[in-house]
Amino acid sequence: MAIPNRDIADLFDRVADLLEIKGEIIHRVLSYRRAAESIYDLPRDLAAIAADGTLTDIPGVGKTLAEKIEELLNTGKLQFYEKLTTELPAGLVDVMRVNGVGPKKAKLFWEQLQVSDLTTLEAAAREGKLRGLPKMGEKSEANILLGIEALSRQTGRMPLGTAYPAARALLDALLALPQSVDGAIAGSIRRARPTIGDVDLLIAVKDMADAAPIMEAFVGQGQVARILGHGPTKSSVELHNGLQVDLRILEKTRWGTALAYFTGSQQHNIRLRERALARHLSLNEHALSPTDDAGNILEDAPKILCDTEEKVYEALGLPWVAPELREDGGELEAAQTGVLPALITLADIQSDLHIHTTWSDGTASVREMAEAALVRGRKFIVITDHSVGATIANGLSVERLLAQQVEVRKVDAEMNGKIRVFHGTEMEIKADGTLDFPDDILAQLDFVIASLHISLRQPREQITARLLNAIKNPHVDLIGHPRGQLIPDREPADLDMDAVFAAAKMSGIALEINASPNRLDLEAQYARRAVELGILLAIDTDAHHIESLDNMHYGVSTARRGWVEAPSVLNTWPLEKFEAWLRSRGKA
DNA sequence: GCCGTTTTCGGCCCGACTGTTTTCAGTCG
């Protein structure tokens, strides 16, 4: 079986770490990291790209790394890595994960104390052996022990849906301080990454003299378990729940450069700064500074302050780029040539095509969900409870499904046109690939979602065949949460997405971006690929409770990360267009 | 090791904070 993309990306990251410890020139190291990042976010299998002979089209992958990918795909191994691990212990990669330990210290510990992994590092620290090394003291040694402890506490990246409300609460507390003029959540939350490593908060003050009380309040909060750094303009804390939060404070006159800097991504920032240099400007979080031909800042020349992000991009000859696009995925080239997408917004959403009720495992009635959707501005919804095979979710038998239809029709009539309520199902794709309802029953429904919930660990060929069978059924309109991942714990199913996209294109069905923050499935890179291939998407809340109807924005943000424009999304369409689409698919 | 609106060779973003030092290297984002 082919090696998953993420395993190859992980290996490149390990190679980068080992090369850095060896003292290899940093740009060679960064090449491996950059390629790893690109590979993580690919919407296609490396094996398929290699078969097309287009590996070097991947950003950051040149001739050398393409050959290494081929070697990994063909042999499952990488000689270069094997050789590196004969020179250095592979466990040093873990040693570098400890906060405060970088390549130089990892090398020092290895050479002086034969530290080869976290276990031997901890032992050396406990025995007081680190403090004797050059540039090391008792404080550094104690911090390393704390860092090792923190590693074991870390549960990995946090779902966006957990991090965002927490960040919002922290920000609101800081904004309540009298010295705060403005504030924002920046970093990967602002870019709406599905998982969050740490929270980046930005506060603006009128004058930097106002920064100190805000900073003191930040590091002095009750939730703070440990202060990782504490300076006048920048502090970093770890909360009791394991979340790391960074705060930057800058003057309001520098808001634009500061927000752009703190939003990232790092690669996007690097591209912006390179672009600035090409225009004889040096860009940092404070300002744009004129430079000479060698890139040295001209101290006498006036700096350009930007109080908005628009001004930063404008100074670089570009239109403003939406945060969700700032991943160095071609957004600057698109901005340069004036072809940035007109990204979908929450206001474009007309309907919600995936909603559960008390008929299966929801907590509100059909009527309650309809009224709650109306309050949220939806023009129409589809009630899609689970089918009989979803026994844990109290799935509907054919008899109950038809009984439910009577109730849905009644509620639809009672809503009197204020919101239309359609009747559908979220039907199980069973483990053997068959569907849960016969065609003559499906034909009686307004809208049919088919979803994978069980046996998600089947081998690629088998699980892909299951999904393709559902896609080919003429009654199925939408595939719910196609990849089956649960954030952060469950990996997606091992699907051949090229085959899924080809089948979806052929049958004309839509693929879902499930807006539940525990799913966000399709992910952005797959949504982008789907749209490129001309496949329709739908963004649905999959709400099981009234409050979950508010999750729509997470799905919209995910779509925006995927460069998606409103016309590609089924539920931005007005009712008439939606109904016309259903008719074109042979529905009454 | 990658890459090209200066370049197929020679560049490759930039600053804050820490701990250990007497002026800065290492780490982080």
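Throughout, a chain's letter reflects where its sequence line sits, starting with A, and its residues are numbered from 1. When reading the values below, keep in mind they use all heavy atoms of this one structure, side chains included, and skip hydrogens, waters and symmetry mates.
Nucleotides B:dC13 and B:dC28 have their C1' atoms positioned 14 Å apart, rounded to a whole Å. Rounded to whole Å, the separation between the P atoms of B:dC17 and B:dT21 comes to 22 Å. Separating the C1' atom of B:dT5 from that of B:dC14 is a span of 24 Å, rounded to the nearest Å. The gap from the C1' atom of B:dT8 to that of B:dC3 amounts to 9 Å, rounded to the nearest Å. The C1' atoms of B:dT6 and B:dC12 are separated by 14 Å, rounded to the nearest whole Å. Comparing B:dT20 with B:dT27, their P atoms sit 13 Å apart, to the nearest whole Å.
Taking the centre and axis of the six-membered ring of A:Phe12, the NZ or CZ atom of A:Lys68 falls outside the cone set by 45° and 6.0 Å.
Nearest to the side-chain atoms of A:Gln266 among the listed nucleotides B:dC12, B:dG29, B:dG19 stands B:dG29. Of the candidates B:dA16, B:dG1, B:dC13, the closest approach to any side-chain atom of A:Arg273 belongs to B:dC13. The side chain of A:Pro232 lies closest to B:dC17 when the candidates are B:dC17, B:dT27, B:dC13. Distance from the side chain of A:Glu274 is smallest for B:dC12 among the nucleotides B:dC2, B:dC12, B:dG15. Of all nucleotides listed (B:dG1, B:dC13, B:dA16), B:dG1 comes nearest to the side chain of A:Ile25. Listed nucleotides B:dA16, B:dT20, B:dT18 differ in distance to A:Lys139; the shortest reach to its side chain belongs to B:dT20. Counting only heavy atoms from C-beta on, A:Thr64 has its side chain closest to B:dC2 among B:dC12, B:dG29, B:dC2. Among the nucleotides B:dC13, B:dC2, B:dT18, the one closest to the side chain of A:His230 is B:dT18. Proximity note for A:Lys105 (side chain, C-beta onward) versus B:dA16, B:dG26, B:dG29: the nearest is B:dG26.
Remark: A:His286 is in phosphate contact with B:dA16, judged by side-chain N or O atoms under 4.0 Å from OP1 or OP2. For A:Asn143 and B:dG19, the shortest distance from a side-chain N or O to OP1 or OP2 is below 4.0 Å. Taking side-chain N and O atoms only, A:Ser140 has a distance below 4.0 Å to OP1 or OP2 of B:dT20. For the pair A:Arg28 and B:dG1, the criterion of a side-chain N or O lying under 4.0 Å from OP1 or OP2 is met.
Residue A:Thr233 is in sugar-phosphate contact alone, with no base atom involved, counting any heavy-atom pair closer than 4.0 Å across all strands shown. Residue-level contact check: A:Pro103 touches the backbone only, with heavy atoms under 4.0 Å from sugar-phosphate atoms and none from bases. Among the atoms of the strands shown, only primed sugar atoms or phosphate atoms (P, OP1, OP2) are found under 4.0 Å from some heavy atom of A:Val98. Residue A:Ser282 is classed as a sugar-phosphate contact, given heavy-atom separations below 4.0 Å to backbone atoms only. Here A:Ile26 lies out of heavy-atom contact (under 4.0 Å) with every strand. At the heavy-atom level, A:Lys135 lies under 4.0 Å from the strands shown only through sugar-phosphate atoms. Residue A:Asn284 is classed as a sugar-phosphate contact, given heavy-atom separations below 4.0 Å to backbone atoms only. Backbone-only engagement by A:Val101 is indicated by non-hydrogen atom pairs under 4.0 Å involving sugar-phosphate atoms exclusively. Using a 4.0 Å heavy-atom criterion, one finds that A:Glu24 contacts no nucleic acid atom at all. If you check every strand for non-hydrogen atoms under 4.0 Å, A:Gln244 touches sugar and phosphate atoms only. Within 4.0 Å of A:Lys107, counting heavy atoms only, lies no atom of the nucleic acid at all. Heavy atoms of A:Leu283 sit under 4.0 angstrom from primed sugar atoms or phosphate atoms, though from no base atom.
Between the CG atom of A:Leu84 and the P atom of B:dG1 there is a distance of 10 Å, rounded to whole Å. Distance A:Leu30 CG to B:dC13 P: 8 Å, rounded to the nearest Å. Across the protein-nucleic acid pair, A:Glu20 atom CD and B:dG26 atom C1' stand 11 Å apart, rounded to whole Å. As a whole-Å value, the separation of A:Arg248 CZ from B:dC14 P is 15 Å. Look at CD1 on A:Ile144: it is 11 Å from C1' on B:dG19, rounded to the nearest Å. Atom CZ of A:Arg34 and atom C1' of B:dG1 are 12 Å apart (whole Å). Remark: P of B:dG29 and CZ of A:Arg33 are 12 Å apart, rounded to the nearest angstrom. Across the protein-nucleic acid pair, A:Asn269 atom CG and B:dC28 atom C1' stand 14 Å apart, rounded to whole Å.
Side-chain contact between A:Leu305 and A:Thr257: absent, with no pair of heavy atoms (C-beta onward) separated by less than 4.5 Å.
Formation of a donor-acceptor pair under 3.5 Å by the A:Arg254 side chain with backbone atoms of A:His286 is found in this model. For the pair A:Asp292 (side chain) and A:Gly295 (backbone), a donor-acceptor distance under 3.5 Å is present. The backbone N or O of A:Pro213 lies less than 3.5 Å from no partner atom in the side chain of A:Gln179, so there is not a single donor-acceptor pair. A donor-acceptor contact shorter than 3.5 Å is absent between the side chain of A:Glu565 and the backbone of A:Pro341. Between the side chain of A:Asn5 and the backbone N or O of A:Ile8, no donor-acceptor pair lies under 3.5 Å.
Side-chain contact check for A:Thr120 and A:Asp117: at least one donor-acceptor pair (N or O, by modelled atom type) lies under 3.5 Å.
Nearest-nucleotide positions on DNA chain B for A:Arg271 and A:Tyr32 put A:Tyr32 closer to the 5' end. The nearest heavy atom of DNA chain B to A:Pro59 and to A:Asn99 marks one nucleotide each, and the one closer to the 5' end goes with A:Pro59.
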A:Gln267 vs A:Asn269, side-chain hydrogen bond (donor to acceptor under 3.5 Å, both in side chains): CA-CA, chis, key distance, verdict: CA-CA 5 Å; A:Gln267 273 310 315; A:Asn269 284 350; over 6 Å; no

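Pair assignment for B:dC28 gives B:dG15, based on Watson-Crick or G-U wobble hydrogen-bonding distances that are each under 3.5 Å.
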